[in-house]
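For reference, the structure is listed below as structure tokens.
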Amino acid sequence: MSAAQSDGKPKRPICTSCSKPARVCLCSRIRTRNLDNSISVTILQHSLERNHPLNSTRIAKLGLKNLNVVTVFEVDFEARFEIRLLEPGLGLIGPESSGFDQVREKGITQKAGFEVKGDGKCQDEKIRDLIDENENPCEKLDKGSHVDAINGEGVVINATMIKYGAVSHLSHIWKVDTHGKKPKFEHIVTSTMAKEALRGGFVVKKLERKKLEGNMELEVEESEEFEIKVPQGSVLLFPSQNAIGVDELKSMHFEVKNLIVLDGTWSKAGRVYNENPWLKLLPHLRLDLDRMSLYSEIRSQPKVGCLSTIESIVYSLKALGEKVDGLENLLDVFESMVGDQRRLKDERLSKRTKD
């Protein structure tokens, strides 16, 4: 425990492990720390959630061993993203089925809007993986392109965006038909080769761009905000229009190895999602649960099924088949934390009434 002082006035002791006041420390309530979860978890945490008294990511930090928490800031001026493949050669030889893209009905697979049969090739493709002409209606690599085609450093996707998720620039090594529309990240995954390459995992780096003050000409300074490894088998827990349920995911024989979760209020999580367009490259998973969050007593939730971060993680891991013991205890700890907050709130109201 530590008791910091400021301006000569002692502050209440804070636990350095769970970041809660000593009187409501969570550490002793967790029966087993660092549970060895086989499905790793990556939390993208909105910067304003880090010190919120009800933020439940602190429980995940104490309870899960295979966990990565990344602080994400809102875009103020601009942000730039660089994406590199974990397996640079994957997907550059020819299209292959990637499991998640399969719809196992009547032996037919749907990919990027084209009907694909047994050989994994588009109907109009002439038994060729790479061609130099513009005859392939499905896709092709740019003539002479290769993994480091953008800047010589292995970057396969380079994007710049402004506030609220508006992409101002997007370039990548795959040739896709945008049908005359402005390029978007969603267009990239219409490429079979791109999906196959990204399926092997990738690394995404976010660079914050700021305008330098006091200069007549526009000058921009870049600084790295984060660099994340997104391994093969990653899915994003987010209820987008194209999200699928756990049962459907299992029917596709897609093995989830890494669960990505957004941490923040629903409005903050939406901002993180929109301002990190690389998330659209991932399969989206939804939880079909008809229950209210424990948060609902003290923190507004928009509807049934909207859960806290730790609830979302625990229920998702269990639904995906995680076998590690002790996950339920993390929910017990969360329930007790909510109880603490409710009790402290009642104490404050009672004190005001007496005054």
Side-chain angles (χ1 to χ4, degrees), residues 4 11-12 14-21 24-27 29-30 40-64 66-76 79 161 163-165 204 206 208 223-228 230 234 236-240 258-279 282 284-287 292-303 305-317 330-331 333-342 344-345:
K11 290 188 175 182
R12 57 185 179 180
I14 300 294
C15 175
T16 56
S17 295
C18 68
S19 303
K20 296 286 287 183
V24 289
C25 174
L26 303 176
C27 298
R29 307 179 198 183
I30 295 184
S40 62
V41 177
T42 301
I43 299 177
L44 303 184
Q45 184 177 54
H46 191 285
S47 60
L48 297 181
E49 284 292 306
R50 288 182 297 177
N51 299 317
H52 195 288
L54 286 174
N55 184 266
S56 63
T57 290
R58 53 170 54 90
I59 298 175
K61 286 181 177 179
L62 293 171
L64 299 177
N66 299 311
L67 175 76
N68 183 28
V69 180
V70 179
T71 301
V72 180
F73 291 84
E74 293 180 355
V75 175
D76 182 41
M161 65 174 306
K163 280 185 178 182
Y164 309 117
V204 56
K206 180 183 178 183
E208 181 187 16
S223 59
E224 182 178 323
E225 181 177 313
F226 63 70
E227 185 170 90
I228 305 173
V230 183
S234 292
L236 172 68
L237 182 64
F238 193 78
S240 66
N258 180 53
L259 178 71
I260 299 178
V261 181
L262 309 184
D263 179 34
T265 62
W266 278 97
S267 60
K268 291 174 183 173
R271 184 81 181 261
V272 170
Y273 180 74
N274 289 327
E275 293 188 346
N276 287 270
W278 57 272
L279 292 171
L282 298 170
H284 287 34
L285 177 68
R286 69 171 187 271
L287 270 183
M292 290 295 294
S293 169
L294 291 169
Y295 258 153
S296 59
E297 298 182 35
I298 52 176
R299 201 173 187 185
S300 176
Q301 299 295 303
K303 60 181 179 179
C306 296
L307 305 174
S308 67
T309 299
I310 191 63
E311 289 173 308
S312 299
I313 291 171
V314 170
Y315 291 134
S316 296
L317 290 180
L330 301 184
L331 296 180
V333 175
F334 176 64
E335 184 175 12
S336 70
M337 185 182 77
V338 172
D340 289 340
Q341 194 67 19
R342 185 174 55 247
L344 293 173
K345 181 180 179 181

Roughly how far apart are [X] [atom1] and [Y] [atom2], rounded to 0.5 Å?
{"X": "L62", "Y": "I310", "atom1": "CG", "atom2": "CD1", "result": "9.5 Å"}
{"X": "L26", "Y": "S17", "atom1": "CG", "atom2": "OG", "result": "10.5 Å"}
{"X": "N276", "Y": "R271", "atom1": "CG", "atom2": "CZ", "result": "11.0 Å"}
{"X": "L48", "Y": "T265", "atom1": "CG", "atom2": "OG1", "result": "9.0 Å"}
{"X": "K61", "Y": "I30", "atom1": "NZ", "atom2": "CD1", "result": "12.5 Å"}
{"X": "L237", "Y": "H284", "atom1": "CG", "atom2": "NE2", "result": "10.0 Å"}

Practice task
Begin from the C-alpha positions of D263 and V69 and carry the test side chain to side chain contact (heavy atoms under 4.5 Å, CB included) through to its verdict.
Solution key: CA-CA 10 Å; D263 179 34; V69 180; over 6 Å; no
Minimum-distance pair of heavy atoms, taken over all atoms of [X] and [Y]:
{"X": "N55", "Y": "Q45", "value": "OD1-NE2, 3.1 Å"}
{"X": "I59", "Y": "F334", "value": "CD1-CA, 3.5 Å"}
{"X": "I260", "Y": "S234", "value": "CD1-CB, 4.4 Å"}
{"X": "M161", "Y": "E275", "value": "SD-O, 3.1 Å"}

Practice task
Examine the side chains of S40 and N66 and answer whether a donor and an acceptor come within less than 3.5 Å of each other.
Solution key: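 S40 vs N66: no donor-acceptor pair found between side chains.
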Handout entry: Short side-chain donor-acceptor distance under 3.5 Å, N68 and T42
Key =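 Judged by distance alone, the side chains do not pair up.
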Taking side chain as C-beta onward, heavy atoms only, is [X] less than 4.5 Å from [Y]?
{"X": "H52", "Y": "R58", "answer": "no"}
{"X": "E49", "Y": "T57", "answer": "no"}
{"X": "E311", "Y": "S56", "answer": "no"}
{"X": "L262", "Y": "H46", "answer": "no"}
{"X": "Y273", "Y": "L236", "answer": "yes"}
{"X": "L330", "Y": "I313", "answer": "no"}
{"X": "S19", "Y": "N51", "answer": "no"}
{"X": "L44", "Y": "L279", "answer": "yes"}

Practice task
Please work out whether the ring planes of W266 and F238 are parallel, tilted or perpendicular, with thresholds of 30° and 60°.
Solution key: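 Correct class here is tilted.
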Practice task
Report the C-alpha distance between W278 and V230 in whole Å, list the side-chain angles of each, state the deciding distance to 0.1 Å, and finish with yes or no for side chain to side chain contact (heavy atoms under 4.5 Å, CB included).
Solution key: CA-CA 10 Å; W278 57 272; V230 183; 3.9 Å; yes
Handout entry: Results of side-chain contact (heavy atoms from CB on, under 4.5 Å) for E225 - residues two or more places apart only
Key =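 E225: side-chain contact (heavy atoms from CB on, under 4.5 Å) contacts with V72, F73, K206, E208.
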